[in-house]
Amino acid sequence: RTWRQLLYHKDKWVTREMAEFIWNNYQNPITVNQIAKAGGVSRRECFRCFRMIINQTPTEYLNQYRLSMAAHLLTSGNQPLAAVSEACGFENISYFTKLFKKRYGMLPSQFRE
């Protein structure tokens with residue numbers, strides 16, 4: 001293997017470690033520093049790995065994951081929107097609604113129907 005192949009393989013492994021941290025903790029407030037620590041890398045390296053492997057920032061990935069979990073909750077239950085938002089780690093329901101509409105093209109209440 002070339003050094004580039006080895007570096008890419010390492011980046012994939014580190015990014016997976018950081019993604020697993022997100023999957024296991026998305027309900028809680030998460031900082032980029034915590035995500036980086038989960039991968040054993042610096043904040044700057046965290047951003048580089050996410051850009052290279054996933055083509056998103058760590059924050060974008062976290063929000064997309066939270067939104068996908070919210071979509072699941074919206075279609076599998078009848079919790080109030082505020083409860084869904086909070087369960088998925090969003091501290092502000094209006095921010096949740098804004099991101100949800102941007103991703104899915106409709107409000108969470110419309111998505112549920």
Side-chain angles (χ1 to χ4, degrees):
R1 290 186 184 189
T2 68
W3 67 271
R4 285 181 194 223
Q5 290 170 319
L6 291 172
L7 183 61
Y8 181 74
H9 181 70
K10 177 192 165 284
D11 288 347
K12 280 178 65 173
W13 183 84
V14 167
T15 305
R16 176 158 176 94
E17 290 291 311
M18 293 186 288
E20 283 186 16
F21 175 80
I22 289 171
W23 304 337
N24 293 325
N25 296 283
Y26 71 92
Q27 320 87 314
N28 306 313
I30 297 177
T31 66
V32 173
N33 288 341
Q34 291 172 311
I35 296 169
K37 185 177 179 183
V41 296
S42 69
R43 181 183 170 92
R44 182 176 173 201
E45 184 70 1
C46 173
F47 274 94
R48 191 191 67 75
C49 286
F50 267 89
R51 273 279 174 226
M52 182 175 201
I53 304 300
I54 300 177
N55 200 31
Q56 290 182 319
T57 68
T59 306
E60 288 168 342
Y61 182 80
L62 171 61
N63 284 334
Q64 293 300 311
Y65 188 75
R66 285 175 167 166
L67 290 171
S68 67
M69 297 309 289
H72 173 73
L73 286 176
L74 288 169
T75 57
S76 64
N78 58 358
Q79 290 181 298
L81 291 182
V84 170
S85 172
E86 187 177 318
C88 294
F90 291 100
E91 295 177 11
N92 182 315
I93 192 167
S94 60
Y95 182 62
F96 162 67
T97 302
K98 176 184 170 183
L99 290 181
F100 195 94
K101 185 171 183 186
K102 184 177 180 183
R103 171 146 189 217
Y104 293 103
M106 62 183 79
L107 296 171
S109 56
Q110 295 169 319
F111 186 88
R112 174 179 269 161
E113 297 168 4

Inter-residue atom distance Asn92.CG - Ser85.OG, 0.5 Å rounding: 7.5 Å
Is Tyr26 linked to Phe96 within one hydrophobic cluster, defined over Ile, Leu, Val, Met, Phe, Trp and Tyr using a side-chain heavy-atom separation of less than 4.5 Å? no
To the nearest 0.5 Å, what is the distance between CZ (Arg51) and CD (Gln56)? 8.0 Å
Would Leu67 and Leu107 show up in the same hydrophobic cluster when neighbours are defined by side-chain heavy atoms closer than 4.5 Å? no
So Arg112 and Thr75, do their side chains get closer than 4.5 Å, heavy atoms only? no
Sub-4.5 Å side-chain heavy-atom contact between Asn63 and Tyr95: yes
Determine the minimum heavy-atom distance between Ile35 and Cys46, stating which atoms define it. CG2-SG, 3.8 Å
Are any of the side-chain heavy atoms of Phe47 and Ser42 separated by less than 4.5 Å? no
Is the number of heavy atoms from other residues, nucleotides or ligands under 6.0 Å of Gln64 CD greater than 12? yes
Flag side-chain contact, heavy atom, 4.5 Å: Val84 against Phe90: no
Within this structure, what is the NZ-NZ distance for the pair Lys98 and Lys102, rounded to the nearest 0.5 Å? 7.5 Å
State the OH-CH2 distance between Tyr61 and Trp23, to the nearest 0.5 angstrom. 5.0 Å
Where Cys88 and Met69 come nearest, the two heavy atoms and their spacing: SG-C, 3.8 Å
Same apolar cluster: Phe21 and Val32, side chain cutoff 4.5 Å: no
Show the nearest heavy-atom pair for residues Tyr104 and Ala71, with the distance to one decimal. OH-CB, 3.6 Å
State, yes or no, whether a side-chain contact exists between Leu74 and Leu81 at a heavy-atom distance under 4.5 Å. yes
If I take atom CD1 from residue Ile22 and atom CD from residue Gln34, how far apart are they, to the nearest 0.5 angstrom? 10.5 Å
Within one Ile-Leu-Val-Met-Phe-Trp-Tyr cluster: Leu73 and Tyr65, side-chain cutoff 4.5 Å: no
I'd like to check Pro58 versus Met18 (side-chain heavy atoms, cut-off strictly below 4.5 Å). Are they in contact? no
Any side-chain heavy atom of Asp11 within less than 4.5 Å of one from Glu45? yes
Would you find more than 12 non-hydrogen atoms of other residues, nucleotides or ligands less than 6.0 Å from Asn28 atom CG? yes
Taking the side chain as everything from C-beta on, heavy atoms only, tell me whether Ile30 gets closer than 4.5 Å to Arg66. yes
